[in-house]
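Have a look at the structure below, then the notes.
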Amino acid sequence: MTAASSLAKVTFGDNIPGWATAISSKPAVIVLQEWWGVTDEIKRQAQHLHDQKGYRVLVPDLYKGKIGVDAEEAGHLMGNLDFPQAVEEIKQAAKWLREQGAPKVGCMGFCMGGALTFLAGQEADVDAIAPFYGTPDPKLAKPEKISVPVQCHNGEDDKMEGLADPKTVKGFIEKVKAGGNKHVELLMYPGEGHGFMNGGEDIHKMMKTGGLPIGSSNSQKTAWSRVFDFFGKTLE
């Protein structure tokens with residue numbers, strides 16, 4: 001996966017920091033961080049989407065520069081995050097992208113960012129969402145309000161109980177469908193655990209501090225292909 005060569009520091013909304021590619025008339029996608037923070041890996045993932053589809057991408061820095069170097073620190077950072085405020089910042093991100101020329105805006109995210117992607121679909125002005133292995137706190141979630149197309153990705157062996165284990169994810173998806181959304185897809189990946197989309201050696205070292213398994217390149221390629229197709233149908 002290519003390095004984040006065309007991402008530049010930006011501020012948007014209420015002086016919220018982030019990383020984005022140049023202003024474009026193409027569709028845009030908000031890419032949301034894992035519990036680690038805005039790592040080089042999440043920048044590479046955003047860059048990959050930009051390189052392959054030509055979309056403008058924006059990675060909001062929800063931790064304001066902080067990065068968890070191991071699982072314990074990442075857990076503290078996520079635990080201290082004001083989720084309603086993070087959702088407000090995602091809403092501002094979508095508004096900013098539209099004001100700068102994006103005809104449609106999608107959102108995707110991983111782990112904590114997956115949970116926030118569902119909340120974006122619930123609260124923000126986005127056209128489609130692709131959450132990976134994360135569901136929101138039931139106290140914040142209103143799955144029946146998610147009416148935009150959803151393509152959810154999850155490992156069949158995800159052990160993150162209450163966040164991304166298969167039972168939790170399947171239950172949440174059923175609630176989205178029960179609200180009347182006819183454009184909901186749940187894609188399960190056999191043999192894959194939490195964080196399987198991470199491909200860089202740097203993030204793999206961080207994952208090992210939390211006992212997280214490394215995903216297969218085949219699953220990663222399959223998932224990206226599905227995301228490209230999904231956003232192609234919903235944003236173009």
Side-chain angles (χ1 to χ4, degrees), residues 4 7 9-20 30-46 57-96 107-124 126 129-143 145-146 152 154-155 158-165 168-169 172 193-198 200 202-213:
L7 286 164
K9 284 186 177 182
V10 297
T11 57
F12 62 91
D14 296 331
N15 206 32
I16 302 158
W19 295 80
I30 302 164
V31 182
L32 298 175
Q33 68 191 57
E34 294 185 293
W35 67 341
W36 311 106
V38 178
T39 59
D40 287 343
E41 179 70 12
I42 197 72
K43 293 178 190 175
R44 286 191 292 263
Q45 288 166 329
V57 293
L58 168 63
V59 183
D61 188 350
L62 303 176
Y63 287 169
K64 313 301 184 287
K66 295 178 182 177
I67 292 179
V69 296
D70 56 32
E72 182 178 5
E73 187 175 0
H76 287 311
L77 287 169
M78 183 172 75
N80 290 330
L81 182 68
D82 183 335
F83 272 74
Q85 177 60 32
V87 173
E88 176 59 33
E89 292 177 5
I90 296 164
K91 290 167 68 175
Q92 292 184 42
K95 182 174 183 286
W96 182 74
C107 185
M108 69 182 295
F110 309 86
C111 176
M112 181 186 84
L116 286 165
T117 295
F118 275 121
L119 293 175
Q122 174 182 309
E123 303 290 345
V126 295
I129 59 171
F132 280 77
Y133 36 82
T135 59
D137 186 329
K139 294 176 184 176
L140 299 175
K142 297 176 183 175
K145 283 186 62 179
I146 300 174
C152 180
N154 219 80
D158 199 306
K159 308 297 186 191
M160 286 286 184
E161 290 194 15
L163 174 71
D165 63 282
T168 296
V169 173
F172 191 84
H194 195 73
F196 72 86
M197 288 297 287
N198 288 322
D202 48 357
I203 196 72
H204 288 170
K205 291 178 182 177
M206 295 163 71
M207 291 171 68
K208 287 176 181 176
T209 68
L212 296 172

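Summarising the geometry, atom CZ belonging to F110 is positioned 5.0 Å from atom CD1 belonging to I42; distances are rounded to the nearest 0.5 Å. Note: I30 CD1 to Q92 CD = 11.0 Å, rounded to the nearest 0.5 Å. Atoms CZ and NZ, on F118 and K145 in that order, are 15.5 Å from each other to the nearest 0.5 Å. The distance from atom CD of E123 to atom NZ of K142, rounded to the nearest 0.5 Å, is 6.0 Å. Residue I16 holds its CD1 atom at 10.5 Å from CG of D61, rounded to the nearest 0.5 Å. In this structure, CD1 in I90 is found 4.5 Å from CG in L32, a value given to the nearest 0.5 Å.
Here the shortest heavy-atom pairing between V38 and P60 reads CG2-O, 3.8 Å. In terms of heavy atoms, H194 sits closest to C111 at NE2-SG, 3.3 Å. Of all heavy-atom pairs between M112 and W35, the closest is CB-N, 4.0 Å. Nearest heavy atoms, V59 versus A46: CG2-CB, 3.6 Å. Closest approach of L163 and V169 over heavy atoms only: O-CG2, 4.3 Å. Between H204 and N198 the shortest heavy-atom distance is NE2-O, 2.9 Å.
Every pair passing salt bridge (charged side-chain N to carboxylate O under 4.0 Å, His left out) that includes a residue from residues 79-88 is listed here, sequence neighbours excluded: E88-K91.
Using a 4.5 Å cut-off on side-chain heavy atoms (C-beta onward), M108 and I129 make no contact. E41 has its side chain out of reach of W36: every pair of non-hydrogen atoms, C-beta onward, lies at least 4.5 Å apart. Between L116 and F83 there is a side-chain heavy-atom pair separated by less than 4.5 Å. The closest side-chain heavy-atom distance from F132 to C152 is not below 4.5 Å. The closest side-chain heavy-atom distance from Y133 to M197 is below 4.5 Å.
Listed for the E34 side chain is no donor-acceptor partner under 3.5 Å among the backbone atoms of G113. At distances below 3.5 Å, not a single donor-acceptor pair connects side-chain atoms of Q85 with backbone N or O atoms of L62. Between the side chain of T117 and the main chain of G109, a donor-acceptor pair closer than 3.5 Å is present.
Every residue two or more places apart in sequence or in another chain that forms a side-chain contact (heavy atoms from CB on, under 4.5 Å) with T168 is listed here: T135, D165. Partners of V10 by side-chain contact (heavy atoms from CB on, under 4.5 Å), not counting sequence neighbours, listed by chain and number: A20, L58, W96. Scored by the side-chain contact (heavy atoms from CB on, under 4.5 Å) test, K64 finds P17, E89 as partners (sequence neighbours excluded). For K208, there are no side-chain contact (heavy atoms from CB on, under 4.5 Å) partners at least two apart in sequence or on another chain.
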Which side-chain N or O atoms in residues 70-81 pair as donor and acceptor under 3.5 Å with protein atoms at least two apart or in another chain?
from: D70; atom 1: OD1; to: E72; atom 2: N; distance (Å): 3.3
from: D70; atom 1: OD1; to: E73; atom 2: N; distance (Å): 2.8
from: E73; atom 1: OE1; to: V69; atom 2: N; distance (Å): 3.4
from: N80; atom 1: ND2; to: H76; atom 2: O; distance (Å): 3.2

